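What follows is a short report on a single structure.
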Amino acid sequence: MTDSDKPTNFIQQIIGDDLASGKTSKVVTRFPPEPNGYLHIGHAKSICVNFGLAESFAGECNLRFDDTNPEKESDEYVQSIIEDVKWLGFNWSGDIRFASDYFDQLYQWACDLIYQNKAYVCELNVEQMREYRGTLTEAGRESPYRYRPAAESRALLEQMKAGEIPEGAMTLRAKIDMASPNINMRDPVLYRIKRIAHHRTGDKWNIYPAYDFAHGQEDAIEGVTHSICTLEFAANRPLYNWFIENLDVPSTPSQYEFGRLNINYSITSKRKLKQLVDEGHVEAWDDPRMPTISGLRRRGVSPQAIRNFCDSLAVAKTDGVVDMAQFEHFIRDDLNINARRAMCVLKPLLVTFTNYDQSEQFTASSHPQRDDLGSRELPFDRQIYIDQSDFSEDTGLSRKKFKRLVLGEYVRLRGAYIIRADEVIRDTTGDIQEIKASVIENTVGADAPEGIRPRGVIHWVSALNSVDCTVNLYDRLFNQALPDSGEGSFTDHINPNSLKVLKGCKAELSLANIQPTERYQFEREGYFCRDSKTDESLVFNCTIGLRDNWKA
RNA sequence: UGGGGCGUGGCCAAGUGGUUAAGGCAUCGGGUUUUGAUCCCGACAUUCGGAGGUUCGAAUCCUCCCGCCCCAGCCA
């Protein structure tokens, strides 16, 4: 679908209206991750939505780190997020922004609120505050500290800031409405004491602003016009607006919410992905089985495939679960068009020709539909490898069911000769060790001669001129469609067989020195890329298998 | 349960009172093919969570009911 015939979503309609009415002159959006983990496919959707909206309306999109909680954040996460956004191909407007750059301004606004008698320092502890807050059905009670004089709150806040008050002893709270049906409005915490260093501000601060007190004001400072977030923040919107209305902010942004991305057999929660890493269920954040941007990159998924997938998703208020097959479709779609073809035998079976003793070199195109991708040379010798699954001794197999090599019959070697299997050589244990076969003359690049009907086309590699490699095959990380639902932990549903390592695979020579950023199709197998974390040996990661429409 | 949000085929969805309810994914047939890939054709909701009502006409408006998600962190 092209941009023009794609239906406009509700946010595009709102922006269109705002532009038409003059409410907005230039659209400014923002992608505001907290640097407390690596970005995942769910963030990719948010990135595409925010940057995409800005681009389509000739506006701008900021990259802002919402680093208001030093406890969970680090520079490692900041760097990974920057790399991932860049890799996806988006350009943010101006410099990278940090909530921590606004800490002074935020503090000033907190003081303003105190003098307006709309904020106070509260000495209730966590348990007491929970008790006073009330429940979903009962109103809360006002804190005994709610009406303390502004000057007193102001002095106490200064002490909190100076590190003179122990953690947990005091908070700064907004004075709104303890009976509000919206629990977020029941005197929310604005500042809490955290006497720990921040990855950017060091030990300058002993108090840090809470999300609600920071986010809208950050948007206002940056001139964000449309602040787009996910559905779970809808209940925070009245509070977001309350701060914008009660503070002397430079602009008035509006918040809109859309449904976050869920994919079956996967997880899109930073917290849970961190748990997978911390508990060692996966190798790291960029484990190729992870739905992180870095994991997908290492797996061989292209940024364009991720963007195409995200663009295929609806920006709406429904919270559905997208089928993994939909993502896989876009991964294959992009790879099919852009990946060079090569051959690699995963489970080698030696084939020796009894009527051929030369060495030739064939030229094979790198892509069946794209000449611009060039070609490569394929050495052909008297011994080759084919895949074990491509040979059978069962002569009763129908041609329709088994389009591969059968004892006594013919098969086409991709880009090379038609051959016939003549004899099976077994080892002492009775396993097939080698096939003796014959090359059919003059069949390279030519139709099969009269009377010879190859059952199909199989891939191969010269046994004398190929390279050894290791291939990592992946299966879904979870064996349950919704690992998060039901009783128990999502970790109970981890697929123990999500990684299969194949050693002793044989790759064609052209694959020996490729870069991890190049993506290949190993014909008849799937799409692969070289692993970026192992450079001493040749290791390939399977991005995704080819579609398999035949029923065995 | 108070508040907020959402329910259209197996999945994601368009649809904003007026021809036979878009499209994508998946699935199932068939064709092409030196990849069982790609590509190409074809099939796939008498019905829009349910029940009433308004209307010449309803997925779209009204009423009631049912179901699912989010909010009771000094997380974001």
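Just so it is clear: chains get the letters A, B, ... in the order the sequence lines come, proteins before strands, and each one is counted from 1. Here the structure is a predicted model, which means the values were calculated and not measured.
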Protein and nucleotides 38-44 of chain B: nitrogen or oxygen contacts under 3.5 angstrom:
{"unit_1": "B:U38", "atom_1": "O2'", "unit_2": "A:N336", "atom_2": "ND2", "d": "2.9"}

Q: Output yes when A:E123 and A:R148 qualify as a salt bridge under the 4.0 Å nitrogen-oxygen rule, no when they do not.
A: yes

Q. With rounding to whole Å, what would you report as the distance between B:A37 and B:A21 at their C1' atoms?
A. 34 Å

Can you give the donor-acceptor pairs under 3.5 Å from side chains of residues 443-456 of chain A to other protein atoms, not counting sequence neighbours?
{"unit_1": "A:T443", "atom_1": "OG1", "unit_2": "A:I418", "atom_2": "N", "d": "3.0"}
{"unit_1": "A:T443", "atom_1": "OG1", "unit_2": "A:I440", "atom_2": "O", "d": "2.7"}
{"unit_1": "A:R455", "atom_1": "NE", "unit_2": "A:F402", "atom_2": "O", "d": "2.8"}
{"unit_1": "A:R455", "atom_1": "NH1", "unit_2": "A:L397", "atom_2": "O", "d": "3.4"}
{"unit_1": "A:R455", "atom_1": "NH1", "unit_2": "A:E409", "atom_2": "OE1", "d": "2.9"}
{"unit_1": "A:R455", "atom_1": "NH1", "unit_2": "A:E409", "atom_2": "OE2", "d": "2.8"}
{"unit_1": "A:R455", "atom_1": "NH2", "unit_2": "A:L397", "atom_2": "O", "d": "2.6"}
{"unit_1": "A:R455", "atom_1": "NH2", "unit_2": "A:S398", "atom_2": "O", "d": "2.8"}
{"unit_1": "A:R455", "atom_1": "NH2", "unit_2": "A:F402", "atom_2": "O", "d": "3.3"}

Q: In whole angstrom, give me the gap between the P atoms of B:G4 and B:G42.
A: 49 Å

Q.
Test your reading of the model: is there a side-chain donor-acceptor pair from A:N50 to the backbone of A:S46, 3.5 Å cut-off?
A. yes

Q: Spell out protein contact along nucleotides 9-21 of chain B as letters: B when the base is contacted, S when just the sugar-phosphate is, - when no protein heavy atom is under 4.0 Å; keep the 5' to 3' order.
A: --SSSS-B-----

Q) Which ranges of RNA chain B pair up as stems, where a stem means three or more consecutive Watson-Crick or G-U pairs with both distances under 3.5 Å? A) B:2-7 with B:66-71, B:10-12 with B:23-25, B:27-31 with B:39-43, B:49-53 with B:61-65

Q | B:C44 versus B:G10 - spacing of their P atoms, nearest Å | A | 15 Å

(Q) Under 4.0 Å between a side-chain nitrogen and a carboxylate oxygen: does that hold for A:D484 and A:K272? (A) yes

(Q) Students often get this wrong, so: under 4.0 angstrom with heavy atoms, is A:K403 touching a base, only sugar-phosphate, or nothing? (A) base

Q: Considering only atom C1', compute the distance from B:G7 to B:G73 and round it to an integer number of Å.
A: 30 Å

(Q) Would you measure the distance from the P atom in B:G15 across to the matching atom in B:U55 and give it in whole Å? (A) 29 Å

Q) Just how far, in rounded Å, is P of B:C71 from CD1 of A:I183? A) 11 Å

Q. Is A:T443 touching bases, backbone alone, or none of the nucleic acid, heavy atoms closer than 4.0 Å?
A. base

Q: Using a 4.0 Å heavy-atom cut-off across all strands, classify A:G456 as base, sugar-phosphate, or nothing.
A: nothing

Q) Taking 4.0 angstrom as the limit, do A:R404 and A:D387 come out as a salt bridge? A) no

(Q) Under a plain distance cut-off of 3.5 Å, with no hydrogens placed, do A:N62 and A:E222 share a side-chain donor-acceptor pair? (A) yes

Q. Can you check the A:Y256 OH to B:C70 P distance for me, whole Å?
A. 25 Å

Q) Pairs in or reaching into residues 231-242 of chain A: which pass salt bridge (charged side-chain N to carboxylate O under 4.0 Å, His left out), with residues at least two apart or in two chains? A) A:E232-A:R260, A:R237-A:E257

Q) Mind checking what makes side-chain contact (heavy atoms from CB on, under 4.5 Å) contact with A:R370, not counting sequence neighbours? A) A:I337, A:N338, A:H367, A:D372, A:L373

Q: Sticking with atom P, work out how far B:U47 lies from B:U60, rounded to a whole angstrom.
A: 15 Å

Q | Pairing residues for A:D75 by the salt bridge (charged side-chain N to carboxylate O under 4.0 Å, His left out) criterion, not counting sequence neighbours | A | none

Q: Describe the nucleic acid contact of A:P368 in one word from base, sugar-phosphate, nothing, applying a heavy-atom distance below 4.0 Å.
A: base

Q: Using the test side-chain contact (heavy atoms from CB on, under 4.5 Å), find all partners of A:P181 that sit at least two apart in sequence or belong to another chain.
A: none

Just the atom pairs and distances: protein N or O near nucleotides 73-76 of chain B's N or O, under 3.5 Å.
{"unit_1": "B:G73", "atom_1": "OP2", "unit_2": "A:R133", "atom_2": "NH2", "d": "2.8"}
{"unit_1": "B:C74", "atom_1": "OP1", "unit_2": "A:R133", "atom_2": "NH2", "d": "3.4"}
{"unit_1": "B:C74", "atom_1": "OP2", "unit_2": "A:R133", "atom_2": "NH1", "d": "3.1"}
{"unit_1": "B:C74", "atom_1": "N3", "unit_2": "A:G168", "atom_2": "O", "d": "3.3"}
{"unit_1": "B:C74", "atom_1": "N4", "unit_2": "A:L124", "atom_2": "O", "d": "2.9"}
{"unit_1": "B:C74", "atom_1": "N4", "unit_2": "A:G168", "atom_2": "O", "d": "2.6"}
{"unit_1": "B:C75", "atom_1": "OP2", "unit_2": "A:R192", "atom_2": "NE", "d": "3.2"}
{"unit_1": "B:C75", "atom_1": "OP2", "unit_2": "A:R192", "atom_2": "NH2", "d": "3.2"}
{"unit_1": "B:C75", "atom_1": "OP2", "unit_2": "A:K194", "atom_2": "NZ", "d": "3.2"}
{"unit_1": "B:C75", "atom_1": "O3'", "unit_2": "A:R192", "atom_2": "NH2", "d": "3.0"}
{"unit_1": "B:C75", "atom_1": "O2'", "unit_2": "A:N69", "atom_2": "ND2", "d": "3.2"}
{"unit_1": "B:C75", "atom_1": "O2'", "unit_2": "A:K72", "atom_2": "NZ", "d": "3.4"}
{"unit_1": "B:A76", "atom_1": "OP1", "unit_2": "A:T68", "atom_2": "OG1", "d": "2.9"}
{"unit_1": "B:A76", "atom_1": "OP1", "unit_2": "A:R192", "atom_2": "NH1", "d": "3.4"}
{"unit_1": "B:A76", "atom_1": "OP1", "unit_2": "A:R192", "atom_2": "NH2", "d": "2.5"}
{"unit_1": "B:A76", "atom_1": "OP2", "unit_2": "A:R192", "atom_2": "NH2", "d": "3.4"}
{"unit_1": "B:A76", "atom_1": "OP2", "unit_2": "A:Y211", "atom_2": "N", "d": "3.0"}
{"unit_1": "B:A76", "atom_1": "O3'", "unit_2": "A:D66", "atom_2": "OD2", "d": "3.1"}

**Q.** Residue pairs fulfilling ring-ring contact (aromatic ring centres under 6.0 Å, His included) with at least one residue in residues 307-327 of chain A, sequence neighbours excluded
**A.** A:F309-A:F327

Q: Please state the C1' separation for the pair B:C39 and B:A45 - nearest whole angstrom.
A: 29 Å

(Q) Check this one for me: any side-chain N or O of A:H459 less than 4.0 Å away from OP1 or OP2 of B:U35? (A) no

Q. Do A:E73 and A:N69 meet the criterion of a side-chain donor-acceptor pair at a distance under 3.5 Å?
A. no

**Q.** Nearest-Å distance once atom P is located in both B:A14 and B:G9
**A.** 13 Å

Q: Have a look at B:G73 and give me syn or anti from its glycosidic angle (syn if within 90° of zero).
A: syn

Q. How would you list, by chain and number, every residue that makes a side-chain contact (heavy atoms from CB on, under 4.5 Å) with A:P32, sequence neighbours excluded?
A. A:R30, A:R64, A:H215

Q: Answer with base, sugar-phosphate or nothing: what part of the nucleic acid does A:A342 contact at a heavy-atom distance below 4.0 Å?
A: nothing

Q: With the side chain of A:A325 defined as its heavy atoms from C-beta on, choose the nearest nucleotide among B:A37, B:A26, B:C6.
A: B:A26

Q. When you match A:R332 and A:P181 each to their closest nucleotide on RNA chain B, which lands nearer the 5' end?
A. A:P181

**Q.** Heavy-atom donor-acceptor pair, A:Q521 side-chain to B:U35 base, under 3.5 Å
**A.** yes

Q) Could you give the CZ-to-P distance, from A:F528 to B:A37, as a whole number of Å? A) 17 Å

(Q) Can a donor-acceptor pair be found, under 3.5 Å and without considering hydrogens, that links the side chain of A:R376 to the backbone of A:S365? (A) yes

Q | Any A:R524 side-chain nitrogen or oxygen under 4.0 Å from OP1 or OP2 of B:G36 | A | yes

**Q.** Length of the CD-P vector between A:E523 and B:G36, whole Å
**A.** 9 Å

Q | Whole-Å distance separating the CG atom of A:L231 from the P atom of B:G7 | A | 11 Å

Q: Could you check which of B:A72, B:G36, B:C6 has an atom nearest any side-chain atom of A:V457?
A: B:G36

Q: Return the nearest nucleotide to the side chain of A:A234; candidates are B:A26, B:G4, B:A37.
A: B:G4

Q. Mind checking whether A:Y77 and A:F65 have ring centres under 6.0 Å apart?
A. no

Q: Using the salt bridge (charged side-chain N to carboxylate O under 4.0 Å, His left out) rule, collect all pairs that involve residues 157-186 of chain A, keeping only residues at least two apart or in two chains.
A: A:R154-A:E158

